[in-house]
> 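If you scroll down you'll find the structure; I have some questions about it.
Not measured: the values here are computed from a predicted model. Reminder, nothing fancy here: chain letters follow the sequence lines and each chain counts from 1.
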There are 2 protein chains.
Amino acid sequence: MAYTEIPDIVIGRLPVYLRALSVMAGAGQEITSSHELGEKLGISSAQIRKDFSHFGEFGKQGTGYRISYLQEQLRRILKVDREWPVALIGIGDVGQALIRYGGFRDRGFHIALAFDADPAKIGQPIDTLTIQDVCTLPEQMREQNVLIAMIAAPAKAAQEVADLCVKGGARAILNYAPINLTVPEDVRVQYIDPVTHLQRMTYYLA
Amino acid sequence: MAYTEIPDIVIGRLPVYLRALSVMAGAGQEITSSHELGEKLGISSAQIRKDFSHFGEFGKQGTGYRISYLQEQLRRILKVDREWPVALIGIGDVGQALIRYGGFRDRGFHIALAFDADPAKIGQPIDTLTIQDVCTLPEQMREQNVLIAMIAAPAKAAQEVADLCVKGGARAILNYAPINLTVPEDVRVQYIDPVTHLQRMTYYLA
DNA sequence: TAGATTGTTAATCGATTAACAATC
DNA sequence: TAGATTGTTAATCGATTAACAATC
């Protein structure tokens, strides 16, 4: 298959596949099929095979996919076959929960920098880190070659924080603040806002 | 316009529009246009007008949209012109952050029930609630007519918790556990997993 | 071999966009 | 009136699915 632009919607499904494969692998399963995977995720088997076909041939006719191999390939494609350092900004409730969350490392990430704007928090230790002044963010991100930021700052401050991240060379931002960020087009943003997720479901309630 | 099935992808954009409108309203702005809104959100103005047109005519030629009126309409469409009670399961770091989060009420939700499986936590007060035994979840959800659940339990327990929610009549589940849930098809699920969001962006990094 | 499942093609389906009449 | 912007149609674009030859 020749290289063409891969649709972003396909990229978006790969982490979901990877997560399902981890669950299967954790249960000791070694082989799966597009049909089984689709069943589990509510996606058609044809779509799963089509998605994979953008990147190569990972299965075997008549048998299916070896889970460990498929995981390896998806990790390589998504570039999470390494550990990306991430900057966290805003050490409130959400920020602290993120720091204590143990699920980052084995899925390709770790929090390398922690920032806040509150003088009472700056200098405090948190986990193995020290909370730093958000003003120093751009230079620190650049120095340590950190390309990913998680913003858990208040909504009012979030755009300003995003600007600092961009200044620091951020190329990917995960935003927990309930506002839309404006960033240069070469910077990716993902949003986590529980309320928008809930509002998306209430439409269907009686 | 006659009623036809509205695409889910359209429904998914309405909360984003609503959030952007709130920011504008908060800044004292009274009028906006599909062009301005699209600019802010990185969506074409045609798409925004098309999305609205599924539900009615909310604007005025030559002028645009009155923000307060458009908010009202979107809230009505999404059914967040009321306050939905939500059950929260798992009072760990994430659960506590959700309970302390002040952004639910004015956007259509409040946490009405809190559950955990840990005997040390059951019976403890949290905010204005008391942590209850998750075993009692089905009856409590039914009694209090709660249709929405947020699962912040460990991955290992999440499917079991989801089953309890379904048993309690849940019709919408927001799942923070990093696994895919299997539920009846009349139950909606949304996923919040920071790692899948991050993995979706690393693909594009150098 | 018989059965199963892949990878891929072509057809279908659905979503986005361009364009413009209507009209404020 | 002139300028601006809506709501809507038709065209375009892209994603999903059905089907099947290839083959393990």
Side-chain angles (χ1 to χ4, degrees), chain A residues 1-17 20-21 24 29-74 77 185 200 203, chain B residues 1-17 20-21 24 29-74 77 185 200 203:
Chain A
M1 187 228 52
Y3 181 80
T4 36
E5 199 66 42
I6 313 282
D8 181 62
I9 198 162
V10 172
I11 302 301
R13 282 191 292 262
L14 301 187
V16 178
Y17 298 153
L21 291 169
M24 293 179 185
Q29 194 177 335
E30 295 191 347
I31 301 285
T32 189
S33 66
S34 60
H35 180 78
E36 185 190 37
L37 208 42
E39 194 82 356
K40 285 229 163 80
L41 300 176
I43 291 176
S44 81
S45 62
Q47 178 161 86
I48 290 175
R49 294 198 301 280
K50 187 101 218 284
D51 283 354
F52 292 166
S53 78
H54 286 100
F55 305 99
E57 310 191 354
F58 306 135
K60 195 181 269 187
Q61 282 104 323
T63 308
Y65 302 90
R66 211 175 92 230
I67 291 172
S68 62
Y69 179 70
L70 189 52
Q71 286 181 293
E72 223 171 77
Q73 294 305 308
L74 291 178
I77 292 163
E185 63 169 299
R200 193 184 172 144
Y203 172 80
Chain B
M1 187 228 51
Y3 181 80
T4 35
E5 199 66 42
I6 313 283
D8 181 63
I9 198 163
V10 172
I11 303 301
R13 282 191 291 262
L14 301 188
V16 178
Y17 298 153
L21 291 169
M24 291 179 187
Q29 194 177 334
E30 296 191 347
I31 302 283
T32 188
S33 65
S34 60
H35 180 78
E36 185 191 36
L37 208 42
E39 192 82 356
K40 286 229 162 79
L41 300 177
I43 291 176
S44 80
S45 62
Q47 178 159 89
I48 290 174
R49 294 198 302 278
K50 186 101 215 283
D51 283 353
F52 292 165
S53 78
H54 286 100
F55 305 98
E57 311 191 352
F58 305 135
K60 195 179 271 186
Q61 283 103 323
T63 309
Y65 303 90
R66 210 174 93 229
I67 289 172
S68 62
Y69 179 71
L70 188 52
Q71 286 182 294
E72 224 171 77
Q73 295 304 309
L74 292 178
I77 292 164
E185 63 169 301
R200 193 184 174 143
Y203 172 81

> As an exercise, state the distance from CD of Gln73(A) to CG of Leu21(A), rounded to the nearest 0.5 Å.
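Reported to 0.5 Å precision, the distance equals 12.0 Å.
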> Would you please confirm or rule out a distance under 4.0 Å between OP1 or OP2 of dT5(C) and any side-chain N or O of Ser34(A)?
no
> Measure the distance from CD on Glu36(A) to C1' on dA4(C) and round it to the nearest whole Å.
14 Å
> Round to the nearest Å and state the distance from Lys60(A) atom NZ to dT23(D) atom C1'.
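Going from NZ in Lys60(A) over to C1' in dT23(D) covers 11 Å.
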> Figure out the NZ/P separation between Lys50(B) and dT9(D), and round it to whole Å.
9 Å
> Would you say that Tyr17(A) contacts Leu70(A) through its side chain, given a criterion of any heavy-atom pair below 4.5 Å between the two side chains?
no
> Rounded to the Å, how far apart are Phe55(B) CZ and dG7(D) C1'?
15 Å
> If I take atom CZ in residue Phe52(A) and atom P in nucleotide dT5(C), what distance separates them, rounded to the nearest angstrom?
15 Å
> Could you state the CD-C1' distance from Gln47(A) to dG7(C), rounded to the nearest angstrom?
15 Å
> Please list every stem that involves DNA chain C, where a stem is a run of 3 or more consecutive Watson-Crick or G-U wobble pairs with both pairing distances under 3.5 Å.
C:3-24 with D:3-24
> Heavy-atom count check: over 12 atoms from other residues, nucleotides or ligands less than 6.0 Å from Glu30(A) CD?
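Open.
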> Do Val10(B) and Phe55(B) come within less than 4.5 Å of each other through their side chains, counting heavy atoms only?
yes
> Verify the contact: side-chain N or O of Arg13(B) to OP1 or OP2 of dA15(C), cut-off strictly under 4.0 Å; return yes or no.
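Negative; the distance criterion is not met.
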> Set out, in order, the CA-CA distance, both residues' side-chain angles and the distance that settles side chain to side chain contact (heavy atoms under 4.5 Å, CB included) for Ile6(B) and Tyr203(A), then state yes or no.
CA-CA 11 Å; Ile6(B) 313 283; Tyr203(A) 172 80; 3.4 Å; yes
> Determine: side-chain N/O of Tyr65(A) to OP1/OP2 of dA4(C), distance under 4.0 Å, yes or no.
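The answer is no; no side-chain N or O of Tyr65(A) sits under 4.0 Å from OP1 or OP2.
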> Enumerate the protein-to-nucleotides 19-22 of chain D contacts in which both atoms are nitrogen or oxygen and the separation is below 3.5 Å.
{"from": "dA19(D)", "atom 1": "N6", "to": "Arg49(A)", "atom 2": "NH2", "distance (Å)": "3.2"}

> Within this structure, what is the CG-to-P distance between Asp8(B) and dT16(D), rounded to whole angstrom?
13 Å
> Could you tell me whether the side chain of Phe52(B) reaches within less than 4.5 Å of the side chain of Leu74(B), counting heavy atoms only?
yes
> Taking the side chain as every heavy atom from C-beta outward, state whether Tyr65(A) and Leu37(A) have any pair of such atoms under 4.5 Å apart.
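Side chain of Tyr65(A) against side chain of Leu37(A), heavy atoms only: no contact under 4.5 Å found.
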> Are Arg13(B) and Ile48(B) packed together at the side-chain level, in the sense that at least one heavy-atom pair is separated by less than 4.5 angstrom?
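No, too far: nothing below the 4.5 Å cut-off.
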> Could you give the CD-to-C1' distance, from Glu57(A) to dT23(D), as a whole number of Å?
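It is 11 Å, rounded to the nearest whole Å.
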> It should be established whether Ser44(A) places a side-chain nitrogen or oxygen under 4.0 Å from OP1 or OP2 of nucleotide dT17(D).
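It does, given that an N or O in the side chain of Ser44(A) lies less than 4.0 Å from OP1 or OP2 of dT17(D).
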> Run the side chain to side chain contact (heavy atoms under 4.5 Å, CB included) check on Ser68(A) and Glu72(A) step by step: do they pass?
CA-CA 6 Å; Ser68(A) 62; Glu72(A) 223 171 77; 5.6 Å; no
